[in-house]
Visitor: 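My structure is below; once you've seen it, I'll send some questions.
Just follow the structure's listing: the first ligand is 1, and inside any ligand the first atom is 1. In what follows, every heavy atom counts, from backbone to side chain, and hydrogens, waters and symmetry copies are set aside.
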Amino acid sequence: MASDDLLWCDQLVKFYETSTGRVQAVRGIDLEFAVGTTAAIVGPSGSGKSSLLRMLAGLDRPTAGTVMVDGVDLWRLSERARARARADMITHIYQRPNDNLFGHLSAEMQLARVAKSSGSVDAWLHALGLEAQRTLRPAQMSGGERQRLAFARAAVAEHRLMIADEPTAQLDSANASAVLDAIDVLAGRGITAIIATHDRRVLDRVGEVVELRDGAVSTITTGGARLSVIDRSGRLQLPPELRERFPHGRARLRWTSESEHIEIERP
Ligand code: ADP
Ligand code: MG
């Protein structure tokens, strides 16, 4: 872990026991994010994005592995201490807007409850185009309005770490831009944002893209370079089009000690 990492996880694993057997949702993920990073987590449906985010946010206990947020080992804390750590530093936005909102409160009251400063409520209602909805309750709002309100709620809290599960899924491009602009503003204030998404508009705006496949990280793109990931156990995922060339799942590696070049050969 580098000293400027805000969020770091090591060998993170999540299995679910279901009536039809064990589901291996996350199979050993190592990641690190510096303070102020904006990162997108992408991957097909079922690749483990939401499971990963819930563990990073301190909401769902890993089967194994470590999550460190600002030097705090989240899953070694007591239940109470973890709740306090979450309340101090982490916002998690669920994929379904209603899961983030109180049904009986107006938009403005939802924000006032968690706002760090009172001025920020008006500022974020304005920034996210929700001034006309100020006095409405979630049931009186459209899906997109609720999604922006859920985001506004996270923004006013000004926690150091914001984790958002598909926050633009229900937004048209103008409203998605408002959310993306908001993420830039938050990143400028040193807030680290980790966003699961399928949305290309998000990918163009974040600093890093982490691609999951079958519960493991396959590539990380940063500074325009898309790199395959070799995890701490030495595992490397081939892209699907290359994987097809190894129907028996065996490969011979060839390299020389001087060369940076390694060959993966079908035996
Ligand atoms: P994504 O967000 O990328 O769609 P998820 O983390 O939701 O991926 O799911 C990863 C895998 O874990 C899927 O096979 C999903 O069906 C399974 N899964 C997720 N949550 C649960 C749960 N609470 N109980 C059982 N299986 C789950
Ligand atoms: Mg999901």
Visitor: Between Asp10 and Thr66, do the side chains contain an N or O donor and an N or O acceptor separated by less than 3.5 Å?
Guide: no

Visitor: Work out which heavy atom in Pro97 is nearest to a heavy atom in Gly143; give both atom names and the distance.
Guide: CG-O, 4.2 Å

Visitor: Given that the side chain starts at C-beta and the backbone is N, CA, C, O, which of these parts of Ala196 lies under 4.0 Å from ligand 1, counting heavy atoms, or is it both or neither?
Guide: neither

Visitor: Can Val26 be reached from Leu7 by stepping across I, L, V, M, F, W or Y side chains whose heavy atoms are under 4.5 Å apart?
Guide: yes

Visitor: Just how far is it from atom CZ of Arg54 to atom CD1 of Ile163, taken to the nearest 0.5 Å?
Guide: 11.5 Å

Visitor: Students should be able to answer this: which protein heavy-atom is nearest to atom 5 (P) of ligand 1, and at what distance?
Guide: Ser51 OG, 3.8 Å

Visitor: Hey, could you give me the CD/OG1 distance between Gln95 and Thr197, rounded to the nearest 0.5 Å?
Guide: 10.0 Å

Visitor: Within this structure, what is the CG-CE distance for the pair Asp70 and Met68, rounded to the nearest 0.5 Å?
Guide: 9.5 Å

Visitor: Under 4.0 Å from ligand 1, counting heavy atoms only, is it the side chain of Arg54, its backbone, both or neither?
Guide: side chain

Visitor: For atom 3 (O) of ligand 1, which protein heavy atom lies nearest, and how many Å away is it?
Guide: Lys49 NZ, 2.8 Å

Visitor: Roughly how far, to the nearest 0.5 Å, is CH2 of Trp75 from CG of Leu12?
Guide: 9.5 Å

Visitor: So, regarding Ser47 and ligand 1 (criterion: nitrogen or oxygen to nitrogen or oxygen, under 3.5 Å), is there a contact or not?
Guide: yes

Visitor: Determine whether Asp60 and Tyr16 make a side-chain contact, defined as any pair of heavy atoms from C-beta on separated by less than 4.5 Å.
Guide: yes

Visitor: Check this for me, if you would: do Glu131 and Arg134 make a salt bridge, where the nitrogen-to-carboxylate-oxygen distance has to be below 4.0 angstrom?
Guide: no

Visitor: Nearest protein heavy atom to atom 4 (O) of ligand 1, by residue and atom, and its distance?
Guide: Gly46 N, 2.7 Å

Visitor: Starting from atom 7 (O) of ligand 1, find the nearest protein heavy-atom neighbour and note its residue, name and distance.
Guide: Ser50 CB, 3.8 Å

Visitor: With 2.8 Å as the limit, jot down which protein N, O or S atoms are around the Mg ion (ligand 2).
Guide: Ser50 OG

Visitor: Give the residue and atom name of whichever protein heavy atom lies nearest to atom 8 (O) of ligand 1, and the separation in Å to one decimal.
Guide: Gly48 N, 3.1 Å

Visitor: What distance separates His198 NE2 from Ser45 OG, expressed to the nearest 0.5 Å?
Guide: 5.5 Å

Visitor: Give the numbers and elements of all ligand 1 atoms closer than 4.0 Å to a heavy atom of Thr18.
Guide: 25 (C)

Visitor: Below 4.0 angstrom from a heavy atom of Ala25, which ligand 1 atoms are there? Numbered from 1 as shown, please.
Guide: 10 (C), 11 (C), 12 (O)

Visitor: May I ask you to identify the nearest protein heavy atom to atom 23 (N) of ligand 1, giving residue, atom name and distance to one decimal place in Å?
Guide: Tyr16 CE2, 3.7 Å

Visitor: Taking atom 19 (C) of ligand 1 as the reference point, report whether a protein heavy atom occurs under 4.0 Å from it.
Guide: yes

Visitor: Any idea which protein heavy atom is nearest atom 14 (O) of ligand 1, and the distance to it?
Guide: Val23 CG1, 3.7 Å

Visitor: My understanding is that only one of Arg245, Arg250, Arg252 makes a salt bridge (Lys or Arg N to Asp or Glu O under 4.0 Å) with Glu265; could you say which?
Guide: Arg252

Visitor: Return yes or no for this condition: an N or O of Leu52 is under 3.5 Å from an N or O of ligand 1.
Guide: no

Visitor: Measuring from atom CG of Leu31 to atom CG of Asp231, what distance do you get when rounded to the nearest 0.5 angstrom?
Guide: 10.5 Å

Visitor: Tell me if the CZ atom of Arg213 is crowded by more than 12 foreign heavy atoms within 6.0 Å.
Guide: yes

